[in-house]
Every structure is written in C-alpha cells, then in structure tokens.
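One structure is given below, encoded as structure tokens.
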Amino acid sequence: MKKIINKPENFVDEVMEGIILAYGDKVKFLNGDKRILLSNYPAKEGKVGIVTGGGSGHLPVFLGYVGQGMLDGCAIGNVFASPSSQKMADMIRACDRGSGVLCLYGNYGGDNMNFDMACEMVEFDGIETRTVRVKDDVASSPKETADKRRGVAGMVYAFKIAGAAAERMMTLDEVAAIAQKTVDNTRSMGVALSACIVPEVGKPTFSINEDEIEIGMGIHGEKGIEVRKMMTADEIAQTLLDRILEDMPLNSGDEVSVMVNGLGGTPLEELLIVYRKVHMMLAEKGISVYMPHIGEFATSMEMAGLSLTILKLDEQLKELLTSPANTPFYTNANKIPLK
Amino acid sequence: MKKIINKPENFVDEVMEGIILAYGDKVKFLNGDKRILLSNYPAKEGKVGIVTGGGSGHLPVFLGYVGQGMLDGCAIGNVFASPSSQKMADMIRACDRGSGVLCLYGNYGGDNMNFDMACEMVEFDGIETRTVRVKDDVASSPKETADKRRGVAGMVYAFKIAGAAAERMMTLDEVAAIAQKTVDNTRSMGVALSACIVPEVGKPTFSINEDEIEIGMGIHGEKGIEVRKMMTADEIAQTLLDRILEDMPLNSGDEVSVMVNGLGGTPLEELLIVYRKVHMMLAEKGISVYMPHIGEFATSMEMAGLSLTILKLDEQLKELLTSPANTPFYTNANKIPLK
Amino acid sequence: MRACDVKEIFSYISEIMANNKDYLIELDQQNGDGDLGISMSAGFSEVASYLKNTDEKDLGKLFMSCSSKFNEAASSTLGTIISLGMMGMARTLKGKEEANISEVVDALEQGIQRIMDKAKSKPGEKTILDALYPAVEALKANSSRGVKEATKAAYEAAAAGSENTRNMKPVHGRAAYYGDKSIGLLDGGSVAGKFIFEGIYRYYSENYKDDSDK
Amino acid sequence: MRACDVKEIFSYISEIMANNKDYLIELDQQNGDGDLGISMSAGFSEVASYLKNTDEKDLGKLFMSCSSKFNEAASSTLGTIISLGMMGMARTLKGKEEANISEVVDALEQGIQRIMDKAKSKPGEKTILDALYPAVEALKANSSRGVKEATKAAYEAAAAGSENTRNMKPVHGRAAYYGDKSIGLLDGGSVAGKFIFEGIYRYYSENYKDDSDK
Ligand SMILES: Nc1ncnc2c1ncn2[C@@H]1O[C@H](COP(=O)(O)OP(=O)(O)O)[C@@H](O)[C@H]1O
Ligand SMILES: Nc1ncnc2c1ncn2[C@@H]1O[C@H](COP(=O)(O)OP(=O)(O)O)[C@@H](O)[C@H]1O
Ligand SMILES: [Mg+2]
Ligand SMILES: [Mg+2]
Ligand SMILES: [Mg+2]
Ligand SMILES: [Mg+2]
C-alpha cells in the first residue's frame, strides 16, 4: 500500500484536522466533533438548511460542498461507511433555522437507514425534515428498478441547485422539489482503470488487468458491472454518453450541463480529451452545453478513471446553477459564462 | 500504458480542443494555432502583458492560468518539451498593449533559449520585454548554484502576484520587480510515489519500488535526487519543510502562503494530511499561514506524489495574492479569508 | 439471560469478529467495498468494552445503549442493520432484568422484524437475514432442550443458512449489481450473522454445566 | 557542398534518428525525461521533408529555414540547441550556393560557437558538444584528405567523443542533479551528435566515388 498517510485508523480524523487548519475561517466542527462539519459563512436568518452525509474517501464529496450557497452541514463516517444516525441528528439540529432541513444524499443502504433514524429523532424535537436521495448512477440498476440506483458525482449538481434555492429563501417543500427535479434530470456513468485502497484494509478491493477497464465501477472501489478491453478516450466518451442518453433521451435544442469527473488518479488532460468528444457528440445532436464542470468533484481516493454526468437544464435549473456558491473546495466563480 | 487518450500524437491537440470547447468564452487560440492560448477576458487598455510557456502535461500549469488577473497568454509545446521560439514571439506580439510584456516562466534549458530568441525577435518590432525565470525547486541544485534551479509549482504564486500587479496598471519594470521578488521568496520541494508516462513514449520514465519514494523528483517524471524508504505523511511533511527552511530560513512572526500540490495521482485526502502537519510545524515556530493552496496546481500527468511550496509574504505580496483572479482552471474567489 | 450473560456473550462475539476481520474483508471485496471486517470488529469491540464498564441491569436499556454504541462505531450498512436489530430487542426486553429462553426468542424475533421493516428485506435475498432468521427459528424449536442444545442448534442453522446464500441472487446493496454473476459466492453479511450465533453458542457451551433454562 | 548534398545528408540523418528513436529515449530516461528520441526523429524528419520540397539554392537561406523548421518541430532543449547551431551555420553560408570543405568547417565552427554562446556551455560538460566539437576539429584536421576520409575521421571523433561522456559529470539540465551518480552513463545528446556525423559520413561514403573536395 503506497499512501501518504500516518496510522490508517487516524486517516479520517487527520484529514478533518487538515481541513480545519486550512479553512477554519470558512467551516467548523460541531462542538469539536471531527465527523460533523458545519458552514461558517454568514447565512440568512430563516433559510432552509441543507445537509448531507456519507462515507469518507470521496473528497470533495461530501463535505467539500459545505459553505455558502450549497450545504449547511455534513456528517461523515469512516472511509466508505455511513456516519451514525446520532451524528446526523446532531447535525440536523445544528442546521435548522426554524424553517426545516433537507437531507440530500446518495442512495446507499447505510446512509438511508441512518438518515431515516436521524429524521425520526429530530422530528421528536419538532424539526421538520425532507429527504431527497440522489440516484444518478445509471450502471447501478436497470431502468425498471431505477429507485435502487446509487448516488455518484451527480449529487454535486443537486447540492449546488438546492443550495441556491435555499439561498433564495424558498420553503422547505420548494427546495425539496427543486432538489428532486435536479435528481430526476441527472444521469451518470463511470469507468475505472484501477482500483483504490481503503487505508484500514491496506490492499485494493479488486484488480484490473493492464489491458482492461471496468464500466460502471462503484464509487467505493467496487468492481464494475462489465469488464471491457481498454478503449480509446473517444470510445469511452461514446460508451458512457450512449448509456446515459438511452436512459434519459435528449432532443435537439436541449441544454445540459456536463460534468467530466476524475476519480482521483486520472490527469486533467485526459478529462479534457473525453470532454472534447462528449461536447462534439452532443453538438451533433443539436444539444448545447452550459457551464461544464471538468475536474475532480467526487473521487474514490487514488482510483484512476472518470465519470460522466449529464444534467438536463430548464430555465430555473440554469439560473440556480449560475447563482454564486463558495466553499473551500468548490466555487462557480470561474465557471459562469463570460458576457 | 493505461491512459484515456486517442492517438498519442494527438494528445496535446485534443486537450487544447477540449479546452476551447469547454471554455471558449474565456480563452482562445491565436489565429487558430492550437499551441498558443490567449485570454478572452476583458483587459484594461495599456496593461502590461504577462506570458508564459513550456511543455504540455502539467495542467493546470501553464495555460490554466491564462485569464483575468493572471496571464495574458501561454505558448505550449509537446509533452514536457518547450514550444518553439516562433510561437513564443507570435504570442508576445499578441499580448503587447503598448506597455511591454513580461515573460515569466520556469527555468528550463529549452524554454530559456527559445524565450530568449523570441524576445530578440519581438524587440526587433519595438516590443519591450522583461524576463523573470522561476527557480523554486530546491532539490534541483544546491544553494551555491541556485541560479540553475528549475521552476515548479511555485510559479503559480508568481503568475498570481505578477498578474495582480499588471492588473493594477504597474509599469513593466515594476511588474518584473514584483515577479522577481515573488520568485526570490518562493521555495518548493517534492516527492514522487510513482512515475508518469509520456503518451508518445508509452512507458514510465523510471520505476519506483513498492516500498520507496523519490525525494526531489523532476516535474517531467525524471528520477528523484534521493531514493528513500516509504515514510509516513508526517515524515514527508517534515522532510520537505526542513529542506525548504534550511534554504530560506523563516522567523517567528513571519507570514507565509503554503501550497500543497498534488502531482496528479495523489488523492486530496493525502494532501490535507500533509498540510495538517506542515501547518502545525509552522505554528510551532510562530509562523502563520495565509491563503493556503491545497489541490492540483502543477502536475505531471498521472504521477503520484506531491510538492510543498512556501511563499514568504510581505504586505505587498499579501495584497496582490488576495486581489481577484479568474481563469477557467484557477480562481482565488473561494480562497480569500472570511471577514 | 441477565446483564452479566449479555456482557460475556458480546465479548465472545467480539473476539470471533476480530479473529475473522480479514476473512470478512475478503468476502465483502468479492462484490462490495471490503469494509465489512472493519465495521464488524469495530462495532462489536466497542459494544463489548461498553458492556464491561456499565452497571446497567435493565436488559432493555442495555440493548438500547448497545444499539447506539454499535451505530456510532460501525454505521456501515450491516452495522446499521445490526444496530436496528438490537433496538428491536431493546423494546421487547424493556423493564426486565432477567429473560428466559422464550423471552429471548421473542426479543430476537422483534429484532429481526425491525430489520426487515427498516431495511426493506426478507430472508432469501442473500443477506445476513439468511443466517439470523433460521437461527432464531431453530432456537425457538429447540428451546425446550435447554440453552446449550438450543444455542447449538441455532448456531448450526445460522451456519447452514449462511452457506445457503451461495445459491441466492443478491437483491440489496452493491452486490445486487452483479445479479447472477454472484451465484456461488458466500454473502459476507450472512457469515457475520453466523459468527454472532457462534459467539452465543460458545458462551453457553463453555460456561454452563447443566442444561438449565437460563 | 551544395543544396542537393544538404538534402541528401539530412535524409540520411533523419533515417538514422528514426531507427534509433527508442535507443535515444532510453538514454534520455537514465536521468532525463525520455523525450530525446521523439524530438530528434521529429525534428530531422521535418527538416528532411522540408528539404525535399524546396528549390532554395542559397545555402545560408536553406540552413536558416532548416533552423526554424527544426525549432518548430522539436523545441526541446536539444532541439533548440541544434536549431541554434543551424542558425550559426546559416549566417556564415549566406549568399553561397556552394561551399568547399573549409567553408563548411567554418560554418560548423560558427554553429558550435553560437550554441556555446546561447546555451552557455562548452565541451567537457557531458553534452552534445562533446561529440560535435571533436568531430569538427577532426574534419578540419583531415580536410586535405578529401571529403570521404575527412567525414570518416569526423564521425569517428564524434563517436569517440560521445563515448567519452561516460567519464564526465553533467553540468546542464536535469542530468546535473545527479552529479557523480551519472558517471559511467552515456549522454544521450552526444549520441545524437554522433548520429549527425554518421549521417554525413554515410552520405559521402556511399555516394562519392572519388575523394574529391566537395
Ligand atoms: N437491505 C438489507 N437487508 C439486510 N441485509 C442487508 C441489506 N443490504 C445489505 N445487507 C447485508 O449487508 C452486507 C454488506 O454490509 P456492508 O459491507 O456494511 O455494506 P456497504 O459496505 O455496502 O455499506 C451484505 O453482505 C448483506 O448481508
Ligand atoms: N546547455 C547545454 N549545452 C549543450 N547541450 C546541452 C545543454 N543542456 C542540455 N544539453 C544536451 O541536451 C540533451 C538533453 O536534451 P533534451 O532531452 O531535449 O532536454 P530536456 O528534455 O531536458 O528538455 C542532453 O543530453 C545534452 O546533450
Ligand atoms: Mg461500506
Ligand atoms: Mg523534455
Ligand atoms: Mg461493505
Ligand atoms: Mg529530455
């Protein structure tokens, strides 16, 4: 195992300490608890709270989106494991400003059950909650059982757009409805070239042959659903886009945002080469791209590979995507179109 | 070779096409030349131009810093190879607004000779130029021959600060002097855990044993100056910082900016763990950190490893570091301290 | 069963989980993320050490605390499921300082029911339930034969049930992606379920001389 | 030497560089980045194909164009150095449609001088100069023996000079980092220099029957 870490069991805590040392003006722990991160940015009174949670090892997902115009709080667990319901409940309480809290997170067994318990706990205290689960990973279940799909990089769009809705002082139900619309309009598909190593496990979850790639790998380093011979960047772009468009057909004249997300080990150059092909294929179909996101937004530590996310836009989503957001790990300040 | 690319010989061109498809509102080619990128942001009349150049394969270095408040133009060559002097000359001409152009780039043989030729060519046309070479890589030469040192991630600070000086309408000599001061106050040191593969070469430049790391590797995937047994994150942080402070002593009360830069294959989590230790060691010495930069700023494609850069600040440098800059690949919008 | 039995039982289970940490990791890596061994050993060791230091006598309150300790330490999918099961048991045992075997069976049935409700699953879906469910059934069917025999039967049923998951198609979690491809593979969660009943059985067989109904 | 000789010579050199692309990559990888083989084969093939399609007779203008073509195609450190050398030659050959051997020697000396000025280097520093410099000296010393013999001597001197770099400590570029550690290693640039004179020699030896002073 070749990782720049200290004791594997301190991995998550030390990452969190690093974050507070670097960005302690912008984010903070809840009562010193290193697994609950809250925004330190000024927030409007009565604004709906938005929280998320999930396992560690996916930076900037999830806690990287805690800040202004996105999330109010995030509870994190060990690497690839859900945080506890108790921590989630504490976080929800801390993020309620009297207008309720939206729990917006990826559709995973552990997270679902824990957030459900947490919501039960805080509703006891009279805090209203809504739940929207992100289910953008097309590979994770067929269309007929789309409800079982997991959440991957597409959740960043949901965070961004729901965050902007809350910032505009929409109600809890309105914010939840917009988050749900975003989720409904988002599809992702990924490929992995190499696996990743959970620090406490110390060896890769699976190994991929030198001449093969895994289509639809899991964001926790789980094996892909399909092993294919290594392809060119253009073929990868085509394979991913085809699967997405099969699931969510688009028409000429549609406008989308495109995210080409590196999983951790893949260079930016390669993401741009894939973006190039995706853009050209969409353009051929008369589909235009607004505010592309190319970079690392949801990773699996050192895994090599990338995911493609398509968000179908309407005027409302577009406007909310454009409105300002700033966190220590994300900003759209340099993504907003010139002129 | 496991890379998400098409034909290796098209690597650079396709990356550049991807950039223009994604960010064509913010940057543009000079007369369709895919090796010369210019800013498309509005710029003040008579502003001093700042240009750079160098090999491909280091994104966001170099061209990622072309935009507002940083660079006006960048000429790039093949992977890890200098662009030609002709392209540099064309770029310099395009970036001159009558007040002259600063050539600000890393101290490498090919780049030096080509930029020198380019400056000779444009001076023929009456364009004034100044040259500042970035030499922050402590590992690349001993202190006695510090003039031979190469430029690595520290150049991002030079781009940022010189860019802000130009934005404030300082003269060419003033901008060059500030760039030089930044370079003089910057030191970097890196470690590599794995090598990288030049697409057209198809195999790694060197191999590192599973239990070893290379201290002071080259940004082109050159072997390090010293092979060491794998260390913990804290030991790595200490090794790098010690070497930097030996070269540029700091005193209690000093203020610095710290960059922990991933080389391409290393997860953000690990960068934060290293930042944590660096911050703590500096704090122990009474040195405070302003606007840390943690992420990927200068890479060597898929190389695993990181570099540490320390920029010693004074009031002027601090102010210029803080003033706004936006490019498709960089912004300090979310780095500026709250309150 | 009294608080002191619960303490011992969990220390047996915790030891087994720790010894099988790598094995559980491997099983989970077959088509999951490999964290199963980590969360099981962390969760049970946390609960075991909590139990060592508590004077709580009320079995309901004891299991409620175990549930939340377990969830704190191991909030992975399976960790949460086990914690839900403990919560179900806690409700049934509330107010009791001692429970006879049929009351324990009752509590376990409630625990399993709570898992099925919250995790939206049932036996036959290649999960831990395929070990837990037959084990509790066997415990019930053999309860008249005394605690040693009954827990032995439960453990054997759990082991057989776990082995049976090889023939099943996964429905939940990441494993479900692989569908038919995972036929033949053992479900890691069911093995953890088997280990739970192994701990219970070993505690009673090593510490109870006569087959009294404790 | 006339334009038609130059054309042929570069096609010989280009072929040698292409055949040794991998070898040059390997040499550069010893303590550089490995691009040497790529830039040498790209640069010379570009120049060779430019020369095939030009009618330029003026040797000065010809070398000037070669210099900028080479720099466009191969602007790495060594590429730029070779392009600087060509530029130096161009200045000396300007206005001539034919150059005799001593004029060629003159031009080569100017080329080397220009490299030394701009790259701030001299023989003995483990670079291409350690092949080029002795080669030109040998060419000069043997110029009275006719072009075949003279270019043979030059090639042999280049080869010996390149071999000699094994004993030298690098001063320039990335290689300088390694200092004494690189003693024993051959400098890739000097091998490229040897190949240049190998191309020149082979052209004359294969195409010139008599040892006339061309
Ligand atoms: N809905 C469910 N009901 C019961 N058991 C489940 C369910 N989903 C998963 N499991 C069990 O949990 C195990 C996986 O647990 P764990 O490794 O913690 O999951 P993950 O790492 O995916 O969060 C499976 O082997 C299975 O036995
Ligand atoms: N200052 C110099 N003067 C002469 N030759 C040099 C100089 N620096 C480097 N070289 C030659 O260039 C070769 C390296 O060229 P190249 O691979 O293009 O460099 P890089 O990849 O570092 O840009 C060396 O082997 C050496 O022969
Ligand atoms: Mg997990
Ligand atoms: Mg090079
Ligand atoms: Mg698991
Ligand atoms: Mg080289």
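By convention in this document, chain letters (A, B, ...) are assigned in the order of the sequence lines, proteins followed by strands, and residues within each chain are numbered from 1. For the numbers below, each heavy atom of this structure counts, side chains included, while hydrogens, waters and symmetry mates do not.
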message = Which residue is it: Leu36(D), Asp28(D), Val191(D)? I am looking for the one with a side chain to side chain contact (heavy atoms under 4.5 Å, CB included) to Tyr23(D).
response = Val191(D)
query = Asp111(B) and Met88(B): which non-hydrogen atoms are nearest, and at how many Å?
reply = O-CE, 4.2 Å
message = Given heavy-atom pairs under 4.5 angstrom as the criterion, report whether the side chain, backbone, both or neither of Leu84(D) touches chain B.
response = side chain
message = Looking at every heavy atom in both Ile101(D) and Ala150(D), which two are closest together, and how far apart are they?
response = CD1-CB, 3.8 Å
message = Looking only at side-chain N and O atoms, does Asn107(B) offer a donor or acceptor that is under 3.5 Å from a partner on Asn112(B)?
response = yes
request  = Counting only heavy atoms closer than 4.5 Å, note whether Met217(B) contacts chain D via side chain, backbone, both or neither.
outcome  = backbone
ask   = Do you know which of Glu26(D), His172(D), Gln30(D), Lys21(D) has the most heavy-atom pairs with chain B at a distance under 4.5 angstrom?
value = Gln30(D)
Contact listing (chain B partner; residues 60-73 of chain D; heavy atom under 4.5 Å) = Asn71(D), Glu72(D), Ala73(D)
query = Which residues pass the side chain to side chain contact (heavy atoms under 4.5 Å, CB included) test with Pro170(D), sequence neighbours left out?
reply = Lys126(D), Ala175(D), Ser182(D)
ask   = Looking at Ala139(B), Gly55(B), Gly77(B), Pro83(B), which makes the most heavy-atom pairs under 4.5 Å with chain D?
value = Pro83(B)
query = So what's closer than 4.5 Å to chain D heavy atoms on Ala195(B): side chain, backbone, both or neither?
reply = neither
key: Atom group of Glu120(B) that falls short of 4.5 Å from chain D, counting heavy atoms   = side chain
ask   = How would you list, by chain and number, every residue that makes a side chain to side chain contact (heavy atoms under 4.5 Å, CB included) with Ala119(D), sequence neighbours excluded?
value = Met113(B), Ile81(D), Ile115(D), Ser121(D)
key: Greatest number of heavy atom pairs closer than 4.5 Å to chain D - which of Thr145(B), Asn114(B), Ile225(B)   = Asn114(B)
Minimum heavy-atom distance between Val122(B) and Ile92(B), given as atom pair plus value = CG2-CG2, 3.9 Å
key: Tyr105(B) ring center near Phe115(B) ring center (under 6.0 Å)   = yes
key: Under 4.5 Å from any heavy atom of chain D - which part of Ser140(B)   = both
ask   = So, do Tyr155(D) and Phe197(D) have ring centers that fall under 6.0 Å from each other?
value = no
request  = Using a cut-off of under 4.5 Å on heavy-atom pairs, state which of Arg35(B), Lys87(B), Arg150(B) scores highest against chain D.
outcome  = Arg150(B)
note = Sequence neighbours excluded, the answer for side chain to side chain contact (heavy atoms under 4.5 Å, CB included) partners of Glu109(D) is Val105(D), Asp106(D), Val136(D), Lys140(D)
query = With the threshold set at 4.0 Å, does a side-chain nitrogen-carboxylate oxygen contact exist between Lys118(D) and Asp116(B)?
reply = no
key: Contacting region of Pro204(B) [heavy-atom separation from chain D under 4.5 Å]   = backbone
